[in-house]
Each structure stands twice: as C-alpha cells, then as structure tokens.
Number of protein chains: 2
Amino acid sequence: MVSQLAPRERMLMGPGPSTVPARILQALSAPTLGHLDPQYIGYMDETCQLLRDTFQTENALTFPVSGTGMAGMEAVVVNLIEPGDEVIVCINGVFGGRMKDNMQRAGATVHTLEIPWGKSFSLEQIADAVQKHPKAKLLGIVHAETSTGALQDLTGIGDLLHAAGMLLAVDAVTSLGGHELKVDAWGIDAIYSGTQKCLSCPPGLSPVSFSPLALEKMDARKTKVQSWYLDVSMLKNYYTGGGGRAYHHTAPINMVYALREALAIVQEEGLENRIDRHREMHLQLRQGLEALGMSYVPDHSLATLNCVTLPEGIDDAAIRSRLLNEFDIEIGGGLGQFAGKAWRIGLMGHAATQRNVTTLLAALRTCIG
Amino acid sequence: MVSQLAPRERMLMGPGPSTVPARILQALSAPTLGHLDPQYIGYMDETCQLLRDTFQTENALTFPVSGTGMAGMEAVVVNLIEPGDEVIVCINGVFGGRMKDNMQRAGATVHTLEIPWGKSFSLEQIADAVQKHPKAKLLGIVHAETSTGALQDLTGIGDLLHAAGMLLAVDAVTSLGGHELKVDAWGIDAIYSGTQKCLSCPPGLSPVSFSPLALEKMDARKTKVQSWYLDVSMLKNYYTGGGGRAYHHTAPINMVYALREALAIVQEEGLENRIDRHREMHLQLRQGLEALGMSYVPDHSLATLNCVTLPEGIDDAAIRSRLLNEFDIEIGGGLGQFAGKAWRIGLMGHAATQRNVTTLLAALRTCIG
C-alpha cells in the first residue's frame, strides 16, 4: 500500500517553484468542473483578463498554455517560426540557449548574439545584430535569465525591431509578477512565463500573450504549426470565444483555478506594490549575502533571483543539503557553467518576505559560520 | 476585485473530466515541493511505479507527460516518427483522425485504414493494411474512441505487427483504469492516456509508457525530436534517474501528488474489481437508457463512455442545459459527425457508481418524460 502523502512545508527559495500560499492551494482543490461548463468558461475568461492586466497588455490572445514554462517557450516558437525562417537569438545563459534549440527544432536558421553569462545586452549590441541579419523574422531575448540572475532592460528593443520589420519574442518566466514588465509599452509581440515563480502558483501552466502583429504573421503561415497541442490557430477558438469555444484539448481546470487566485492576489496587492516589495527584499538579502562574503554574478541582478558565487572553501552540496534537512529551506545550485560554483536564491511572490530573508540569512550564518 | 471562487459540485458524467473525489483534491493541495527535492523525487518514483502497475507493464520508461492527454499523443508521435517515415493510422472517430494529423505534422506519410464511426476494427482488416503497407514503421490505433464510445479489441495486433517489424501505438485516454488494458501482454510499444477520465484525477497530466523496442527505435533516430518539451531522450534522465535526475523542465508537482493518490485508490480497490465495477455500472445504465428509447452508437460499447443516439424529437442542447442547471449533472454532446445527434455519457472512475446511474436515469426521465 502507498504511504500517506505528507510533503514537508519547505521555504522554497530556489529558482522555482516558490512557496505557494494556502489560499492558492485551496483554490487548486475546488471541485473540478467540465472544460465546457459555462461556469468554468467564466473563470477562464477572468483568468485571461487578469493575465492581460499583469502582462500590462490589451492583447486579445493572452492565455495560459496547458504545460509548464518550457511549453510556453515552445508555443511561442512553433507558432511564429516556419521552416527556413531566419531568427536572431540573444544568449547570455541557459534559457537563451534553449530558445535557440527550440527554434532550430522548428526549422529556423538561428543567428546568435552571444555575450558572457551574467552580462546583459546593450541596445547597441542588439542594433548591430539586427543590421547584420536584416532578413530575420524575429529576435528572441530573455528578460530574466534564471541561470545567471541577470535582468535584461527591454526598453527600446521593440521599436528598433519593428522599424526593421522584425518581431520581439521574450522569455519572462522569472519576471512576470515580480519585475516591471510592460508588454504593450515595450512593443513585445510574443511572451511566455511560468506560474510557479513570481505568481507563487504551482507549476503546470505557462501564461503567454501574442500581439496583433504576431497574430497577423501566424495567420499568414504557409505551413501547419508542427505541434498540434500548441497550435494557436486552434487554441484561439477556445480561449477567445471564436468558433463557439470549440473543444481542442481538456484544459487543466484546477490549475486554472489556482492561477486565477494567484492573479487575484496580485491585483489585490497592486502590481507596483508587488514589484516594490520584490526590490526591497532583494536589497535586504543582498546586503546580508555580501556581508557573508558572497558576490553577485550578474552586472544587473534580478530582484527575484539572486545568483551569487560561493564563499571560499564552501561545500555547495553539503550546505544546501543542510539547509534543506535542518531548516526546510530550499535554495538552488548553479546551472550549466555555474554548477558547483554559484547559488541561486529566489525571492519570488509569496516567498519574497521579510521573514524569509531574515530566516535564510540566519540559517546561512549557522551553516557557514 | 475578483469574486470568490466557488465552482458548483457537478456530477461529471460527460466524456471527461470525471468527478474528482475529495481525497484526490486534498492530495492536490498538499504543500508544493521543489522538483529536485529528494522527497518529491520519491513521490514521483512511486507514481511511475503505480502507473506501471495500472498499465500492467514492466516498461522502465513509464511516466506522466506534463500536459493533458493530447500532449501524450503528441509525445508518442514526435518521439517515434522521423520525417519521411511511413505509418498506418486506424480511423473510426475523432481521435484516430487527430492521430493522423499529429503524425503528418511530424513529417510522416500516413496510410489510413478507415471504417465507419462506431465500428471497431477486425484483426483481418489490420492484417490486410499491414500487408498493403509493409514499409510502415508503426500502426496507431485507439483503444477507447471517446467520440463514438467504441471499444477496440487489441489482442493479437501486437504480435501481428511485431512479425512485420512494426510498432504498436495505442490511445488509451478513456480506458486506463476502467477497462482491461495489458500493455506487455498485448505487445503495446507506446501508449498514452489522461488523468481526468477513469482515474478521476483533475486534467493536466498524460501517463505514457514506451516498450524497450520503442526505446531502441528512439535511440536510433537520425534527427532530433521536433518538440523540445516532449523529447524523451532528455525526459528519461529525469524520470528514470539516468544522468543524475538532470533538470529538464519544472514538473507539475501538485498534479503529480494528485495522480499518485488516484493510482493509490486504484491499487486499494484492485484493478480487476475496478474494471468489474465499470462493467456493472455500464450494464445498469444501458438497460435504463434503452428503456428510455435510446440506442447505442457503437457495435462494441465501452463501459466507460456510453454513446447513444437521442430519442425522437429531443432538443439536445435544451436537455443537457436542464440537466446541468437543474440537476448539476454534466453529460456530453456528440462530437464531429455526431454533433447534435448523440449524447456521450461517461461512467468513469469515481463517477461510475450506483448512485450516479440511478440519479442520472431519474433526472433523464424527468427531463424527457
């Protein structure tokens, strides 16, 4: 017989998932409705509207993809790319690299703009790449690089690309709900995020949004989208009401309940206040980590993910294991070229609190000191 | 401000999702762990083992895909198919048609074996198709056609295909946990299902299983799998422990809790008992529906999904809407060529009870009579 499920109540301060508040877990466990039930359609429509508010966009085509963040990346890629398309991908960490891999699998010829991990791109570097590859259909860039903790300034990029006839595709997995992110004002044409980061909802959905320009390009496709599951030409009938809410696939009903609740919490707190809170907690944590001899990897650090080099002589795995087993605190190890050399400490959503910062710093002092 | 989430407690007797028992909803809302937390890895390993037991297989590569049933179909297709491969797809309803569409998007040349909706395939028909298309790499067939309610006998097909050097791929979305389904004994090489049907877990995951022979074919691929998200060559490191549980994507943690609980319930009831229960409830419902003047669409009906033609003079939408609004009972309308002409009444998992059968029949008598 299977044992009783009894997961420990961890403080989740790694690169995601973040700690999920009781209120969202409760919404998650509300009675399951059918995916064509008018009551469910109402909840789903509200969820899409709340997503628009959080993305700061008017895009009609804004909805949660029925998969985790990487499914959102793939949804953006396979709907926008046709075999033979040229694209530019900006790489300064793991997730830029994944974007490249995804685009190649969709048949794109990928031109990469690569800079060292931890750095962010200047508008000049991007302008140069655009000039060098005038036939590119789009440029893909990561707003919040979860592997390095680098924040990418996106202002100005949309205008530059649109003037060159290109689209802007953005990875916002670790920024939505925790950093300033203005989809319309910044001219973003396609964007994907995750629920389990700054929204503090369990993993399982990927909010995406497409601009009217992106929709135009998709409507003009000559080939079918290679993924049936992620094909927006069919999904939009269900999510925006065209075609009479035609059944495509069974939506993850209970996950949508949870996302709706998570977004309601964002609305109640206020997006600006929430972003301020993330920044304040980051500054407090930063001071404490630096006092412990750690230094930040990126030039421009995210508030939501703090990537720091380990102090001299520290055993990465041993300390993280002690934090987990003695304190029930999860932080993340380094990813890719930073494996064993850095920690990634998340301050996301419900986990970005005074109590968590104080507790983590105290626990770290005990383990290191 | 967003209203309080308060979904009605529907009796879900459509084509899925089915009613989720309180015990599974409770598991769903347990505290979220990190996807690399040893405690979570333990729960996930248990879930995969319970899936093997339910699929009746020893296949090491048995796990829940992080998406709904249609993502499972796509996972099977994109991992097994390379551009230019020939395949045979058996079509007797909507889901066989979707399998064809999926395979074409993966670059396959699809030979179809089509029979009227509601019919099931004979072994002779399949043997003929195999003889006609000797170069096919695999044959895809639906065990439980959710659009017509037809059950497909799968015995003998695996042997026939293996003798011809082909693989057997099966859609078991509406049969896993409700019908006899013997992956190893029947020689099934790739199979996908859903959580929201006979397992009575919310939608959001798709259990899949691949035979060693299927794995061999995947290892011999010359091209990358077109979907990054569904690429088993990477996923298997996480799910079977190779490559040190390498991070691929953030698993839908809470959904896995729910699936584990759903499978624990299957184990407690006993797979045979559960299948018997589905058959008994089906026979009772069938008697009641036929007494009301309805007739079954398929020659060989599923126990889990009852597809019946409407009695003379019945207004499809009006009656279904009355069932929903007055009785909180959801049944499904017809799909594809049966839209407006048939109902699909699910008896799946937790919904396949004496109380539900009696209640539904009484409500139908009130609405029709």
Side-chain angles (χ1 to χ4, degrees), chain A residues 1-2 5 7-10 12 14 16-17 19-20 25-35 37 39-40 43 46 50 66-71 74 98 101-102 105-106 194 196 202-204 224-229 247 249-255 257 260-261 264 267-268 324 330 335, chain B residues 1-2 5 7-10 12 14 16-17 19-20 25-35 37 39-40 43 46 50 66-71 74 98 101-102 105-106 194 196 202-204 224-229 247 249-255 257 260-261 264 267-268 324 330 335:
Chain A
M1 287 297 147
V2 181
L5 182 81
R8 295 192 64 86
E9 299 185 36
R10 309 284 201 203
L12 297 180
T19 303
V20 180
L25 291 173
Q26 202 174 339
L28 183 63
S29 67
T32 305
L33 289 168
H35 55 284
D37 192 309
Q39 196 186 11
Y40 175 69
Y43 288 143
E46 287 173 359
L50 287 163
S66 302
T68 52
M70 290 302 303
E74 192 158 325
R98 287 188 171 191
D101 189 352
N102 258 281
R105 287 173 195 242
Q196 77 278 13
K224 269 192 182 178
V225 170
Q226 69 183 28
S227 168
W228 188 95
Y229 189 62
Y247 159 65
H249 69 279
T250 306
I253 311 293
N254 292 67
M255 279 300 307
Y257 295 164
R260 177 180 175 277
E261 198 69 23
Q267 189 189 66
E268 288 165 24
L324 193 70
E330 176 178 282
L335 195 60
Chain B
M1 286 294 148
V2 180
L5 182 81
R8 296 191 64 85
E9 301 185 35
R10 309 283 200 204
L12 297 180
T19 303
V20 181
L25 290 173
Q26 202 174 340
L28 184 63
S29 66
T32 305
L33 289 167
H35 55 283
D37 191 308
Q39 196 187 11
Y40 176 70
Y43 288 142
E46 287 174 359
L50 288 163
S66 302
T68 53
M70 290 303 304
E74 192 158 324
R98 287 189 172 190
D101 189 352
N102 258 281
R105 288 173 195 242
Q196 77 279 12
K224 268 191 183 179
V225 171
Q226 71 183 27
S227 167
W228 188 96
Y229 190 61
Y247 160 65
H249 69 279
T250 306
I253 311 293
N254 292 67
M255 279 300 307
Y257 295 164
R260 176 180 176 277
E261 199 69 23
Q267 188 189 68
E268 289 165 24
L324 192 70
E330 176 178 282
L335 195 59

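Here is the naming used below: chain letters follow the sequence lines, and residue numbers restart at 1 for every chain. Values below: all heavy atoms of this structure, side chains included; hydrogens, waters and symmetry mates excluded.
Most heavy-atom pairs under 4.5 Å with chain A, from the set B/Gly194, B/Ser66, B/Gly67, B/Ser227: that is B/Ser227. Note on B/Tyr247, B/Tyr229, B/Tyr43: by heavy-atom pairs under 4.5 Å with chain A, the leading option is B/Tyr229. Contact count versus chain A (heavy atoms, under 4.5 Å) is highest, among B/Pro202, B/Ala251, B/Gly204, B/Ala264, for B/Pro202. Considering only heavy-atom pairs separated by less than 4.5 Å from chain B, the leading option among A/Asp37, A/Asn102, A/Val225 is A/Asp37.
A/Arg8 touches chain B through backbone and side chain together, each having a heavy atom under 4.5 Å away. When heavy atoms are compared at a cutoff of 4.5 Å, A/Glu74 approaches chain B solely by way of its side chain, counted from C-beta outward. For B/Leu12, the part sitting under 4.5 Å from any heavy atom of chain A is the side chain, from C-beta outward, and nothing else. Proximity to chain B (any heavy atom under 4.5 Å) is shown, for A/Leu33, by both the backbone and the side chain. At a 4.5 Å heavy-atom cutoff, the contact between B/Glu268 and chain A is made by backbone and side-chain atoms alike.
Closest approach of A/Gln267 and B/Met1 over heavy atoms only: OE1-CA, 3.5 Å. Between A/Arg105 and B/Gln226, the shortest heavy-atom contact is CB-O, 3.4 Å. In terms of heavy atoms, A/Leu5 sits closest to B/Ala27 at CD2-O, 3.6 Å. Of all the heavy atoms in A/His35 and B/Pro17, the pair that sits closest is ND1-CD, 3.6 Å. Heavy-atom minimum distance, B/Leu28 versus A/Ser29: CD2-CA, 4.5 Å. For the residue pair B/Ala30 and A/Leu25, the shortest heavy atom distance occurs at O-CD2, 3.8 Å.
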Query raised in the report: Which is it for A/Gln196 and B/Ile253 under the side-chain contact (heavy atoms from CB on, under 4.5 Å) test, yes or no, and what are the steps along the way?
Result: CA-CA 10 Å; A/Gln196 77 278 13; B/Ile253 311 293; over 6 Å; no
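Counted within 6.0 Å of CD on A/Gln26, heavy atoms from surrounding residues, nucleotides or ligands total 12 or fewer; the atom is thus considered open.
Rounding to the nearest 0.5 angstrom, the gap separating the CE atom in B/Met70 from the OG1 atom in A/Thr250 is 9.5 Å. The distance from the CE atom of B/Met255 to the OG1 atom of A/Thr68 is 12.5 Å, given to the nearest 0.5 Å.
Between the side chain of A/Glu46 and the main chain of B/Val2, no donor-acceptor pair closer than 3.5 Å is present.
Residues meeting the side chain to side chain contact (heavy atoms under 4.5 Å, CB included) test with A/Pro31, sequence neighbours left out: B/Pro7, B/Glu9.
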